[in-house]
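To start, the structure itself, in structure tokens.
When a residue number appears, it is its place in the shown sequence, counting from 1. Only heavy atoms go into these numbers, but all of them, side chains included; no hydrogens, no water, no symmetry mates. No experiment lies behind these values; they were computed from the predicted model shown.
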Amino acid sequence: RDRTIAVSGWFDPSPASADGVRVRLKSGDDVVFNRIVLRKTKIDNLVLKVSKGEAVEISVGPNGNADGDLTRFRITVIA
């Protein structure tokens with residue numbers, strides 16, 4: 001059966017990051033958030049419907065290069 005979840009959090013790349021980081025959230029096969037983050041960015045209550053066994057994937061990676069891409073983050077998922 002389907003369930004609704006809410007995703008909140010923040011991502012804060014180091015000021016030393018050359019070109020920011022890419023933050024992406026996928027629900028099943030759908031990309032629901034895809035952004036280049038240059039400074040602290042929040043996600044507030046992103047509501048998703050998920051089916052039993054469906055994955056929600058959160059990824060943080062380099063934008064063009066990984067120079068200085070140390071990134072602090074906090075993620076909360078509420079079902």
Flag the pair [X] / [Y] as yes when at least one side-chain heavy-atom distance between them is below 4.5 Å, and no otherwise.
X: Ile58; Y: Phe11; result: yes
X: Val7; Y: Thr76; result: no
X: Val77; Y: Val56; result: no
X: Ile78; Y: Ile5; result: no
X: Leu25; Y: Leu46; result: yes

Note: Asn65 and Ala18 closest approach over all heavy atoms is OD1-CB, 3.7 Å

Nearest heavy-atom contact between Ser14 and Gly68 is CB-O, 3.5 Å

Practice task
Determine, for Trp10 and Lys42, whether the Lys NZ or Arg CZ falls below 6.0 Å from the six-membered ring centre while staying within 45 degrees of the axis.
Solution key: no

Distance, nearest 0.5 Å, that separates [atom1] of [X] from [atom2] of [Y]:
X: Ile36; Y: Arg24; atom1: CD1; atom2: CZ; answer: 10.5 Å
X: Lys26; Y: Glu54; atom1: NZ; atom2: CD; answer: 10.5 Å
X: Arg22; Y: Ser59; atom1: CZ; atom2: OG; answer: 9.0 Å
X: Asn63; Y: Leu38; atom1: CG; atom2: CG; answer: 7.5 Å
X: Lys49; Y: Ser27; atom1: NZ; atom2: OG; answer: 11.5 Å

**Prompt:** Is it the case that more than 12 heavy atoms not belonging to Asp2 sit under 6.0 Å from its CG atom?
**Reply:** yes

Are the side chain of [X] and the backbone of [Y] linked by a donor-acceptor contact shorter than 3.5 Å?
X: Asp30; Y: Val32; value: no
X: Thr41; Y: Arg39; value: yes
X: Thr71; Y: Asp69; value: yes
X: Asn45; Y: Ala6; value: no

- side chain to side chain contact (heavy atoms under 4.5 Å, CB included) between Ile43 and Phe33, worked out: CA-CA 9 Å; Ile43 297 174; Phe33 185 91; 3.9 Å; yes

Exercise. Out of curiosity, does Ile75 fall in the hydrophobic cluster containing Val60 (side-chain heavy atoms, cut-off under 4.5 Å, transitive links)?
Worked result: yes

Q.
Looking only at the side chains, is there a donor atom on one of Ser8 and Asp44 sitting less than 3.5 Å from an acceptor on the other?
A. no

